[in-house]
Amino acid sequence: MLHFRITLLIIGLWSCVCTTTVAAQSGNSRIVDVNAAQTGSILDRNFARCVGAGRANEGLRADWQRQLTMAKRECGFEYIRFHGLLADDMGVYKEDKNGVPQYNWQYIDELYDFLLRIKVRPFVEIGFMPNALASGRATVFWWRGNITPPKDYQKWNQLISKLIEHWTERYGRDEVRRWYFEVWNEPNLRNLFFFGSQSDYFKMYQETANTIKKVDSRYRVGGPASAGNAWITDLIDFCAEKSVPIDFISTHDYGVKQGFLDVSGTVGTIVNPDKNSVSNNMRRSFQEIRRSKKPDLELHYTEWSSSYTPTDPLHDTYQEASYILNTVKRAAHVVNSLSYWTFTDIFEEQGPKMTPFHGGFGLLNYQDIKKPAYYAYSYLNQLAKYELPASDSSSIVTKDAQGNIAALFWDCTIDHPGDSTNDQVYYKKNLPARPSGQLKIQVRGLKPGKYQLEVHRTGYRVNDAYSAYMALQSPSQLTITDVAAINRNNADAPVLNGTVRIDANRTFERTFQLQQNDVYFLKLRRL
């Protein structure tokens, strides 16, 4: 029974499905009960602390910079991490005929000046190796990042020292103290990202960390930036035993059950049917640090996503939005940051891709088209300062100092059939969402009066650019008209926009019908 009079002005489509703070649950029926009169706690915005990108040189492109500017404005990302800062295409290091080092910061300055101008700080991944300083010829990716240790640690340390000193002079000590310095990328994937053993990596970490700290002892350094949550205790034990500085642990995880890096898009990966697999690993890593010799270290997941291959169409689907929110919610209190890999499909590890939707990592495709995953971060960024107590793992409910409500509700369902098919086949199909039950939301403790109610949705064929692309028969290229039509029909227009009057009962109440992987963002603003 409703205890208030509602006046609704409906604009567009009304088909609301939500998922919030659950007081009780039975079968497919969910009851959400939130008390807006409670103080709440400050919302941990670790979801926006960092985001990933492919490599440094891509950051010199106008389209990359345009997209990051938009993502910063609408998703609020504070830091960005990418590979290849010291690769030869950044022109950082050479030696003359006598072996004397030569340094050039021109490209790095251009990139970092841009980042700081739009108020995005670098989460500095130190790597890969300049060829003139490399101990071997092993490389990775289309752009041939050298993955071997330095042939001369005196020259390596001098390069690192000169670069850190340059940043200190250019941007100021106080600014650089807010950065993070991460040594290398996934060195545990031997001969893929690091041509050496664990002891070789620890040697490089020790030399690099000590060099950074000599410039400023308050600069933050860490690692091992490992794949699959590996080497956490190993690195901590090494640093403790050798008195090597370390300020944070970084590692990576992806929600893949089986399969390898799928360069061609024909080999195949299979998503883990456990939607909590990534967040569970994040919790385990947190506990591993707490049991270690350095229990107070920060924990940063500098890469994560549903899949570790840039040819997994799951990245493009409406299912990815709810997957992101489910992971963010469950990992909120155990990580200092979780950096989604990546913000853009402008990503060339296997070279430029040939189609506008190809399963790329990005929140945005080449043509600035926002995928459903983008809206997950956009909605998160619009949440208010204070999080209200919630027991539902599929919701975040917030309020501001004026008592306005901003709430996210979602259903996260992995409906992949399992080992019988891979993602590269299954997620290229048209996959309509099935009904997922009923939800009743109740917000108590509101101040009486008139409120503006606005609801946004992301789900099947709503803010679902990939389904719109498939409806065009998945062309190899999109025309200007195609892009405009996809953007126009997936521009996050409210599915509900009207007014609600709250009476002396001080309660907002409504029931919605859920579909699989729907995401709803609800705003209730007192007029």
Side-chain angles (χ1 to χ4, degrees), residues 19-22 40-52 75-79 81 123 180 182 222 224-230 232 248-257 271-292 295-308 314-315 319-343 361 363 373 376-381 383 387-398 407-414 517 519:
T19 329
T20 341
T21 330
V22 167
S41 57
I42 294 178
L43 177 69
D44 192 334
R45 300 185 63 83
N46 54 18
F47 51 79
R49 204 139 291 146
C50 190
V51 73
C75 301
F77 297 121
E78 300 171 21
Y79 290 82
R81 173 189 178 269
F123 199 116
Y180 291 88
E182 180 187 46
S226 55
N229 316 286
I232 293 174
F248 64 90
I249 286 294
S250 63
T251 188
H252 306 157
D253 198 38
Y254 292 89
V256 175
K257 178 185 178 184
V271 65
N272 194 318
D274 180 4
K275 65 183 180 182
N276 300 326
S277 64
V278 173
S279 58
N280 285 342
N281 285 332
M282 290 176 174
R283 293 179 179 213
R284 279 190 280 269
S285 295
F286 174 80
Q287 292 300 327
E288 186 175 352
I289 293 171
R290 291 298 173 264
R291 293 190 300 266
S292 76
D296 297 325
L297 291 177
E298 293 184 6
L299 173 59
H300 295 270
Y301 270 78
T302 50
E303 291 183 25
W304 84 274
S305 179
S306 59
S307 173
Y308 45 57
L314 176 57
H315 293 135
Q319 289 96 325
E320 186 76 2
S322 62
Y323 188 92
I324 289 169
L325 295 176
N326 179 71
T327 304
V328 165
K329 170 71 175 183
R330 297 191 77 253
H333 303 299
V334 299
V335 297
N336 295 89
S337 71
L338 57 169
S339 178
Y340 189 76
W341 192 253
T342 58
F343 86 91
F361 288 118
L363 303 174
Y377 279 100
S378 174
Y379 296 157
L380 284 166
N381 190 47
L383 291 171
E387 183 176 6
L388 296 171
S391 59
D392 180 22
S393 63
S394 298
S395 68
I396 305 173
V397 186
T398 63
L408 262 173
F409 324 117
W410 63 90
D411 170 86
C412 184
T413 301
I414 296 178
N517 297 299
V519 174

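As a basis for the values below, the full set of heavy atoms in this structure was taken, side chains included, without hydrogen atoms, waters or symmetry mates.
Considering every non-hydrogen atom in both A321 and A376, the closest pair reads O-CB, 3.7 Å. Scanning both residues, C75 and A48, for their nearest heavy atoms gives O-CB, 3.9 Å. Between I249 and P224 the shortest heavy-atom distance is CD1-CD, 4.3 Å. Counting all heavy atoms, side chain and backbone alike, D411 lies closest to T413 at OD2-OG1, 2.7 Å.
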Candidate pair S339 and H300, rule side-chain contact (heavy atoms from CB on, under 4.5 Å), full reasoning
CA-CA 8 Å; S339 178; H300 295 270; over 6 Å; no
Hey, mind stepping through F77 and Y377 against ring-ring contact (aromatic ring centres under 6.0 Å, His included) and telling me if it holds?
CA-CA 9 Å; F77 297 121; Y377 279 100; 5.3 Å; yes
Go through it in stages, so that I can follow the logic: the residues are E78 and R45, the test is salt bridge (charged side-chain N to carboxylate O under 4.0 Å, His left out), and I'd like the CA-CA distance, side-chain angles, deciding distance and then a yes or no.
CA-CA 10 Å; E78 300 171 21; R45 300 185 63 83; 5.3 Å; no
Using the rule given for ring-ring contact (aromatic ring centres under 6.0 Å, His included), can you reason through H252 versus Y308, listing the C-alpha separation, both sets of side-chain angles and the distance that settles it, and then say yes or no?
CA-CA 10 Å; H252 306 157; Y308 45 57; over 10 Å; no
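Judged by distance alone, the side chains of T302 and E182 do bring a donor and an acceptor atom under 3.5 Å apart. R49 and S337 share no side-chain donor-acceptor pair at under 3.5 Å. Remark: the N326 side chain and the N276 side chain contain an N/O donor-acceptor pair separated by less than 3.5 Å. Between T251 and S226, the side chains place a donor N or O and an acceptor N or O closer than 3.5 Å (distance only, hydrogens not considered). Between the side chains of N281 and Y301, no donor-acceptor pair is found at a separation under 3.5 Å. With no hydrogens or angles considered, a side-chain donor-acceptor pair links N229 and D253 at under 3.5 Å.
The NZ atom of K275 sits 8.0 Å away from atom CD1 of I414, with the distance rounded to the nearest 0.5 Å. A distance of 10.0 Å separates SG of C50 from CD of E303, quoted to the nearest 0.5 Å. Atoms OG and CG, from S307 and L314 in turn, are 7.0 Å apart once rounded to the nearest 0.5 Å. The line from CG of L380 to CD1 of I396 is 5.5 Å long, rounded to the nearest 0.5 Å. Separation of atoms CG (L325) and CZ (R330) is listed at 14.0 Å; rounding is to 0.5 Å. Residue N272 holds its CG atom at 7.5 Å from NZ of K257, rounded to the nearest 0.5 Å.
Side-chain contact between V335 and S285 is absent, with no heavy-atom pair separated by less than 4.5 Å. Side-chain contact between V519 and Y379 is present, with heavy atoms from C-beta onward closer than 4.5 Å. Taking 4.5 Å as the limit, every side-chain heavy atom of S394 sits out of range of all side-chain heavy atoms of K329. Annotation: side chain of D274 is in contact with side chain of N280 (closest heavy-atom distance under 4.5 Å). Residues L297 and F248 form no side-chain contact, since every pair of their non-hydrogen atoms from C-beta on lies 4.5 Å or further apart. Taking 4.5 Å as the limit, every side-chain heavy atom of E298 sits out of range of all side-chain heavy atoms of S250. At least one side-chain heavy atom of V278 sits under 4.5 Å from a side-chain heavy atom of Y323. With contacts defined as side-chain heavy-atom distances shorter than 4.5 Å, the pair V256/V271 does not qualify.
Judged by distance alone, the side chain of N336 and the main-chain N or O of L299 form a donor-acceptor pair under 3.5 Å. A donor-acceptor distance shorter than 3.5 angstrom exists from the side chain of R290 to the backbone of P295, with no hydrogens or angles considered. Side-chain N or O atoms of N517 include none that pairs as donor or acceptor with a backbone N or O of S322 at under 3.5 Å.
Ring geometry, Y79 versus Y180: the interplanar angle exceeds 60°, so the pair is classed perpendicular (tilted spans 30 to 60°).
Evaluated for a side chain to side chain contact (heavy atoms under 4.5 Å, CB included) with T327, the options Y340, W304, F47 yield exactly one hit, W304.
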